[in-house]
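Labels below follow one simple rule: chain letters A, B, ... track the order of the sequence lines, proteins then strands, and each chain is numbered from 1.
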Number of protein chains: 2
Amino acid sequence: MFNKRTRIKELLTSEPQGQTVTVMGWVRTFRNNQFVALNDGSTNANLQVVLELGRFDEELLKRITTSASLKVTGKVIESMGKGQKLEVKADEVEILGDSDSEKYPLQPKKHSLEFLREIAHLRFRTNTFGSVFRIRHSLAFAVHQFFNDKGFVYLHTPIITASDAEGAGEMFRVSTLPFDNPPRKEDGSIDFSEDFFGRATNLTVSGQLEGELGATAFGDIYTFGPTFRAENSNTARHLAEFWMIEPEMAFYDLEDNANLAEEFIQYIIRYIMDKHADDLEFLRQRLLEEEKQKPQNERSELDLIQKLKFVTENKFERITYTEAIDILLQSPAYKKKKFQYDVKWGIDMQSEHERYLVEKHFKKPVIVTNYPKEIKAFYMRQNDDGKTVAAMDILAPGIGEIVGGSQREERMDKLTKRMEEMHVPAEELWWYLDTRRYGTVPHAGFGLGFERMVQFVTGMGNIRDVIAFPRTPKNAEF
Amino acid sequence: MFNKRTRIKELLTSEPQGQTVTVMGWVRTFRNNQFVALNDGSTNANLQVVLELGRFDEELLKRITTSASLKVTGKVIESMGKGQKLEVKADEVEILGDSDSEKYPLQPKKHSLEFLREIAHLRFRTNTFGSVFRIRHSLAFAVHQFFNDKGFVYLHTPIITASDAEGAGEMFRVSTLPFDNPPRKEDGSIDFSEDFFGRATNLTVSGQLEGELGATAFGDIYTFGPTFRAENSNTARHLAEFWMIEPEMAFYDLEDNANLAEEFIQYIIRYIMDKHADDLEFLRQRLLEEEKQKPQNERSELDLIQKLKFVTENKFERITYTEAIDILLQSPAYKKKKFQYDVKWGIDMQSEHERYLVEKHFKKPVIVTNYPKEIKAFYMRQNDDGKTVAAMDILAPGIGEIVGGSQREERMDKLTKRMEEMHVPAEELWWYLDTRRYGTVPHAGFGLGFERMVQFVTGMGNIRDVIAFPRTPKNAEF
């Protein structure tokens, strides 16, 4: 048995009483042939391991290089040095793996995020990505805990799908047909009946429609899985593969939906503030440093932790789309023609508009409801005004839309009419329509892009820095 | 606000004190124009709603049909009827959604699992699938809780990948190239540099290699995500899309790995036994009924709950592959030529062999270690005997292999030599090899097929009945 080690995170919170421990990890630095800063990934804080001068072999000391891996057994004693309560005085040191520190890509200096993206397989070993991915883990756990505590059923909706849930645009084709010589029908078109699934299939863009099937049996369900967009967008906000959380609740109207979304967002952020004070503090500092590079007027008014408190401590503002448009039309920004895109009732609000509402006007998260039906999906519940649907978007400071949701159209006649108008093929969605046929219920749901939430909580500006191995146009490395 | 309802599961455990509640759900049955059995998916147990004779409109009563959805407000009173502690005496009844019970596909009778697969969008509304998918939910939660409590980091490894982790056979191609007229290189071959990712990409078969990148930074990680096999296997054991859990631990050897896997399996099964006694009891009965259809000698000796206890209460047996082969060679089954496949050192054991070991010989779960290197993957750690690798499979009664894992080869020279022998292209895995270059550590991991585990816990014989919308050859409905 190899693994009898103490994690550095736990060790650092214990009391130094001369107890013997074994720790294992990677060398961050080695000073004066005496002081090893050892990291095992459980925290950014390094353990100071002290090697008594003269006690260890010269050959061994030479092999203690940056990123070499060590097994150290020694006594936990109070530290005389600054910045740490305790240290380990080594009795035994074993080199588990050498590292040629000359060639090691992570040098003990500041690397750009762009460079680190090129070596995404090693960037977890930096403080920034250590903090980001520990927080990502805990956010995911908090998501499950929130819904589990409320009795929601976690549903794994299909990844490979023959339906295009939202008409959400470009999808990735999934196939086992040979490109070189695909089977063709008599008319020359590709014969997908010969494909693995006997039809053309794609990667899912949303689990919502299947989620509704679960909600109309279990009451409340949620999904948490990967979704895909084959959009050729090379931006800091887009991924071709990302994770989404989609709760769907029977017996909910739009207000219930908004209440749940608000409670959910506040819960998972509070969870991180409780469990990851150290990682958040590190990221707060990182962001302050990064912002120093920007001109004064582009810097945030709030630091990272203030921004999170701003969300957890404020009731979200709730306004209708119509009110939002009015506010924009009355705004100094509009009057001074500061918006790049025009404002009028019916537009799909642009990021500049959303940010104005959240960051300038209300200075808190905003839930916008009741959008024009023309800019929303077929399944959203039609309001009595004949013009709007019971949709909601939640806008967050610094990030814009973080949640999109709606009450769903549960009335068969209105739903099928809307599908016809929008050219959604009813025969392909026979199973979806069955939920309206047999004991339909008012229900609602929303989607939250997980990476957007990780960005929000960690303050990382580029979405490629909050997912382990980003998939973007022309990039599927690792 | 619509949603002020009490869940039936909670209500049924409360005390009837004449308190007023609102419940919502779907009608399972309606007897004597008086007694509604209402179900809301939170439990298989129905709530009895009593409609006082003469109090409600005839028109309304007619609409209370199987699967119609109701909102009922009334008083919780002690039940005089058998089989329930309490019932709700209705003050108000609202029909939320009608259902034409003549056309409703789920009639109040026993349906075959095959038929229910055809209407997978409605099968959640049956007791069997209610129990199965509530347990599936809780198993997933228990997985996250187990690893979170131990400080593991949940890593979302990529779904779309350019690498073939295990050479695990047929993969699904992911592409945005047009089949009709794909771009070609001068030599006539398909030009994947024009594809979305600038290269040929597939759906992942395993997150392990990326998991190792995480483990060599964070110490311990796990994945839990969908994986894919484009195998044309139309069996009760195969899915084209399934979910897998893959923990990967730095500073672990094979024994540590086996210890963790055993603890993990026992933990998640105990969790279900604690939280889902009612669903398990229902499934136990279901299985007994099902087994009555089989000839006596094919029935299990243990019922479902006994089988689960058998796993949680027994230390798993640990034997080497070599010992396993010896046991098989000494077995009456072998001597009487009862095995269909031959037994000798070097074979990849067949299901019949594994079941013999677990069900006949040891009568408990078995961890088999140190397999011949020829039948295992390139990344498994080579043992000193030159013939075997530090692999382990865990075999469970009734299901066979439920876990496959190994200590990984952390020695650069041995790893690259093995890759060469097995024609694994080192240049494509440069990032994987970097973990051995820079501070390599002993490490290990395993994979557990989530659906196999759900099958084991629920006793469902066909894997298509434990995933919401199964993907199998010629089938991607819903």
**Asked** Tell me, do B:F179 and A:R173 make a side-chain contact under 4.5 Å, heavy atoms counted?
**Response** yes
**Request:** Apply the test ring pair (Phe, Tyr, Trp, His ring centres under 6.0 Å) to residues A:W430 and B:F478: give CA-CA distance (whole Å), side-chain angles for both, the deciding distance (0.1 Å), then the verdict.
**Result:** CA-CA 9 Å; A:W430 63 276; B:F478 312 107; 5.7 Å; yes
**Prompt:** Which atoms of B:Y222 come close to chain A, meaning under 4.5 Å heavy atom to heavy atom: side chain ones, backbone ones, both, or neither?
**Reply:** side chain
**Prompt:** Taking the six-membered ring for Trp, are A:H156 and B:F224 parallel (under 30°), tilted (30 to 60°) or perpendicular (over 60°)?
**Reply:** tilted
**Message:** So for B:A140, is it side chain, backbone, both, or neither that comes closer than 4.5 Å to the heavy atoms of chain A?
**Reply:** side chain
**Request:** Compute the centroid of each ring, for A:F133 and then for B:Y154, and state whether the two points are separated by less than 6.0 Å.
**Result:** no
**Asked** For B:L155, is it the side chain, the backbone, both, or neither that has a heavy atom closer than 4.5 Å to a heavy atom of chain A?
**Response** side chain
**Check: B:S101 and A:Y438 side chains under 4.5 Å, non-hydrogen atoms** = no
**Fill in**
Looking only at heavy atoms, the pair that brings A:R471 and B:I160 closest together is NE-O, 2.8 Å
**Request:** Identify which of B:L177, B:T157, B:V153 forms the greatest number of heavy-atom pairs closer than 4.5 Å to chain A.
**Result:** B:V153
**Request:** Below 4.5 Å from any heavy atom of chain A, which atoms of B:P158 appear? Answer side chain, backbone, both or neither.
**Result:** both
**Heavy-atom pair with the smallest gap, counting every atom of B:G439 and A:S99** = N-CB, 3.6 Å
**Prompt:** Are any of the side-chain nitrogens in B:E194 or A:K474 under 4.0 Å away from the carboxylate oxygens of its partner?
**Reply:** no
**Asked** Yes or no on ring pair (Phe, Tyr, Trp, His ring centres under 6.0 Å) for B:F228 and A:F196, after CA distance, side-chain angles and deciding distance?
**Response** CA-CA 12 Å; B:F228 305 85; A:F196 189 91; over 10 Å; no
**Message:** What part of A:S175 gets within 4.5 angstrom of chain B, counting heavy atoms only: side chain, backbone, both, or neither?
**Reply:** both
**Item:** Under 4.5 Å from a heavy atom of chain A, the part of B:F141 involved
**Value:** side chain
**Message:** Which atoms of B:L203 are under 4.5 Å from chain A, going by heavy atoms: the side chain, the backbone, both sets, or neither?
**Reply:** side chain
**chain B contact via A:N259 - which portion, at a heavy-atom distance below 4.5 Å** = side chain
**Request:** Would you mind checking if B:D434 and A:R123 are paired as a salt bridge, meaning a charged N to carboxylate O distance below 4.0 Å?
**Result:** no
**Message:** On a heavy-atom basis, which atom in B:T216 and which in A:W26 lie closest, and how many Å separate them?
**Reply:** O-CZ2, 3.2 Å
**Prompt:** Is it true that B:D180 and A:R184 have a side-chain N and a carboxylate O under 4.0 angstrom from each other?
**Reply:** yes
**Item:** Per-residue contact mode, B:K103 against chain A (heavy atom under 4.5 angstrom)
**Value:** both
**Request:** Take the angle between the ring planes of A:F218 and B:F124 and call it parallel below 30°, perpendicular above 60°, tilted in between.
**Result:** tilted
**Prompt:** Hey, are A:R411 and B:D98 close enough for a salt bridge, meaning a charged N less than 4.0 Å from a carboxylate O?
**Reply:** no
**Asked** Do A:Y104 and B:R437 come within less than 4.5 Å of each other through their side chains, counting heavy atoms only?
**Response** no
**Asked** Checking B:K275 against chain A: side chain, backbone, both or neither under 4.5 Å from a heavy atom?
**Response** neither
**Complete:** If you tally heavy-atom pairs under 4.5 Å between each of B:T66, B:L70, B:D220, B:T126 and chain A, the highest tally belongs to B:D220
**Prompt:** Looking only at heavy atoms, which two atoms of B:A476 and A:A162 are closest? And how far apart?
**Reply:** O-CB, 3.9 Å
**Asked** Hey, are the side chains of B:T440 and A:L96 touching, using non-hydrogen atoms and a 4.5 Å cut-off?
**Response** no
**Message:** Under a 3.5 Å cutoff, is there a donor and acceptor pairing between the side chains of A:H137 and B:N148?
**Reply:** yes
**Item:** B:E477 side chain near A:W431 side chain, heavy-atom distance below 4.5 Å
**Value:** yes
**Complete:** With chain A, the option among B:K9, B:R199, B:R134 that has the most non-hydrogen atom pairs under 4.5 Å is B:R199
**Request:** With side chain to side chain contact (heavy atoms under 4.5 Å, CB included) as the test, would you mind laying out the steps for A:F172 and B:T201 before giving the verdict?
**Result:** CA-CA 11 Å; A:F172 290 101; B:T201 51; over 6 Å; no
